[in-house]
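When reading the values below, keep in mind they use all heavy atoms of this one structure, side chains included, and skip hydrogens, waters and symmetry mates.
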Amino acid sequence: PQAVAFHPFRGEAYVSNFSNGTVSIIDTDRGELRTTVAAGPLPAGIAVSASGHRLYVVNAQEQGTLTVLDTADFHTVATIPVGEHPSSVAVDPQRNRVYVTNRSKPGDRRPCLLHPVVFCDVQVTLIDSDANEAIGGIAVGDELGGIDLSPREPHLYVLGRFPVEGTARWVFATLDLDNLSVLRRLPLSTFPTSTAVHPDGGRAYVSTADGVSVVDLVRDRIAGQLLA
């Protein structure tokens with residue numbers, strides 16, 4: 001298992017299975033496996049739309065893709081090319097966008113083979129969730145991983161290596177979704193893997209090799225550390 005997402009209205013959880021290209025559908029009321037459906041190769045990050053109608057699964061192969069599944073019967077609606085070795089996905093219902101983080105290297109202007117418009121130095125791919133197609137990207141850092149959205153601000157939070165005072169460091173970065181730029185970079189003490197924002201928008205939690213860091217999003221600082 002690689003990642004998990006929950007349906008907003010019905011008692012289902014979705015677990016991506018990296019090794020065999022599938023997604024397990026769990027009945028959360030009974031705690032039972034309901035069924036397993038096909039995704040793409042190397043499924044990693046996973047997210048559900050706010051309506052509950054779509055399930056988005058990142059496929060982490062070198063020429064990465066995003067599989068879009070219909071949660072009514074789990075057939076594939078679309079397969080969207082993104083960047084290299086994508087890892088995480090977030091759904092933005094206000095802007096009808098989906099964001100995918102890639103582990104592409106900055107400055108690599110080779111067009112990605114599956115989609116010549118999406119260049120391989122784009123670390124966040126922007127997707128139109130109505131048209132199911134990539135519409136652009138943001139070159140912001142290196143080796144990007146976990147990603148989540150603010151519930152009250154036009155902010156996207158991204159984990160990765162960013163330049164801080166001339167040195168590449170692991171950071172918790174805040175991106176402005178109105179002008180697609182980096183607002184802030186908060187250095188982390190060690191390698192981060194995933195992040196989740198509290199429903200009130202005031203805090204974020206970042207899993208790292210040392211435990212879980214608590215980020216105060218109002219004061220823009222590390223507020224504490226929870227040991228795993």
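- Looking only at distances, no side-chain donor or acceptor of E153 sits under 3.5 Å from a matching main-chain atom of H155.
- For the side chain to side chain donor-acceptor pair (under 3.5 Å) condition, the pairs that include at least one residue of residues 171-180, sequence neighbours left out, are N179-S181.
- Atom-to-atom distance recorded for R185:CZ and R169:CZ is 12.5 Å, nearest 0.5 angstrom.
- Between V214 and L226 there is a side-chain heavy-atom pair separated by less than 4.5 Å.
- Residue pairs meeting the side chain to side chain donor-acceptor pair (under 3.5 Å) criterion with at least one partner in residues 27-42, sequence neighbours excluded, are E12-R34, D27-R34.
- Listed here is the closest heavy atom pair of V48 and A5: CG2-CB, 3.9 Å.
- A single hydrophobic cluster is seen to contain both V4 and L33, as judged by linkage of ILVMFWY side chains at heavy-atom distances under 4.5 Å, directly or through other members.
- The closest donor-acceptor contact from the side chain of T71 to the backbone of G52 lies under 3.5 Å.
- In this structure R95 satisfies the side chain to side chain donor-acceptor pair (under 3.5 Å) test together with D92, sequence neighbours excluded.
- Inspection of the N102 and S87 side chains reveals no N or O donor paired with an N or O acceptor under 3.5 Å.
- From T65, atom OG1 reaches atom CG of N59 across 3.5 Å, with rounding to the nearest 0.5 Å.
- Side chain of S88 to main chain of G145: a donor-acceptor pair is present (N/O by atom type, distance under 3.5 Å, no hydrogens or angles).
- Considering only heavy atoms from C-beta on, P43 stays 4.5 Å or farther from V58 through its side chain.
- Under the 4.5 Å side-chain contact rule for hydrophobic residues, L180 and V124 share a cluster.
- One N or O on the side chain of H7 and one on the backbone of R10 form a donor-acceptor pair closer than 3.5 Å.
- Counted by atom type alone, R203 and Y205 present one or more donor-acceptor pairs between their side chains at under 3.5 Å.
- Although no hydrogens or angles enter the test, the distance criterion places a donor-acceptor pair under 3.5 Å between the side chain of S16 and the main chain of A44.
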**Study point:** side chain to side chain contact (heavy atoms under 4.5 Å, CB included) between L55 and I46, worked out
**Key:** CA-CA 7 Å; L55 179 65; I46 190 168; 3.7 Å; yes

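- Side-chain contact between I80 and V68 is present, with at least one heavy-atom pair separated by less than 4.5 Å.
- N20 and T22 are linked by a side-chain donor-acceptor pair at a separation below 3.5 angstrom, with hydrogens and angles left out of the test.
- Side chain of S49 to main chain of H53: a donor-acceptor pair is present (N/O by atom type, distance under 3.5 Å, no hydrogens or angles).
- Between atom OG1 of residue T125 and atom OH of residue Y99 there is a gap of 12.0 Å, rounded to the nearest 0.5 Å.
- Side-chain contact check for V197 versus P151: some heavy-atom pair is nearer than 4.5 Å.
- A single hydrophobic cluster is seen to contain both V171 and L156, as judged by linkage of ILVMFWY side chains at heavy-atom distances under 4.5 Å, directly or through other members.
- Between the CG atom in D70 and the CG atom in D73 there is a gap of 5.0 Å [rounded to 0.5 Å].
- To the nearest 0.5 Å, atom CZ of residue F74 and atom OG1 of residue T67 are 13.5 Å apart.
- Counting only heavy atoms from C-beta outward, the side chains of V98 and L66 approach each other to under 4.5 Å.
- You'll find the side chain of Q94 stays beyond 4.5 Å of the side chain of L149, heavy atoms only.
- Between the R152 side chain and the D200 main chain, a donor and an acceptor come within less than 3.5 Å of each other.
- With sequence neighbours left out, the ring-ring contact (aromatic ring centres under 6.0 Å, His included) criterion links F6 to no other residue.
- Put simply, the side chain of Y56 reaches to within 4.5 Å of the side chain of S129, judged on heavy atoms.
- Both L144 and I138 belong to a common hydrophobic cluster when Ile, Leu, Val, Met, Phe, Trp and Tyr are linked at side-chain heavy-atom distances under 4.5 angstrom.
- How far OH of Y14 is from CD1 of I26: 11.0 Å, rounded to the nearest 0.5 Å.
- Under the 4.5 Å side-chain heavy-atom criterion for ILVMFWY residues, a single connected hydrophobic cluster contains both V91 and V77.
- Looking at N17 and S24, their side chains come closer than 4.5 Å, going by heavy atoms from C-beta outward.
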**Study point:** Criterion side chain to side chain contact (heavy atoms under 4.5 Å, CB included) on L188 and I222, from CA distance to verdict
**Key:** CA-CA 8 Å; L188 299 169; I222 303 294; 3.8 Å; yes

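- By the ring-ring contact (aromatic ring centres under 6.0 Å, His included) test, F172 is found to be paired with Y157, residues two or more places apart in sequence or in another chain being considered.
- With sequence neighbours excluded, no residue forms a side chain to side chain donor-acceptor pair (under 3.5 Å) with D128.
- When all heavy atoms of F9 and A50 are compared, the pair lying nearest together is CE1-O, 3.6 Å.
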Exercise for review: Take V158 and T101 through the side chain to side chain contact (heavy atoms under 4.5 Å, CB included) test and state the conclusion after the steps.
Suggested key: CA-CA 8 Å; V158 181; T101 53; 4.0 Å; yes

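- Distance alone, capped at 3.5 Å, is enough to place a donor-acceptor pair between the S207 side chain and the S194 backbone.
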**Study point:** Step-by-step side chain to side chain contact (heavy atoms under 4.5 Å, CB included) determination, I127 to V100
**Key:** CA-CA 8 Å; I127 293 165; V100 175; 4.0 Å; yes

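- Annotation for P86 and A60: closest pair O-CB, 3.2 Å, computed over non-hydrogen atoms.
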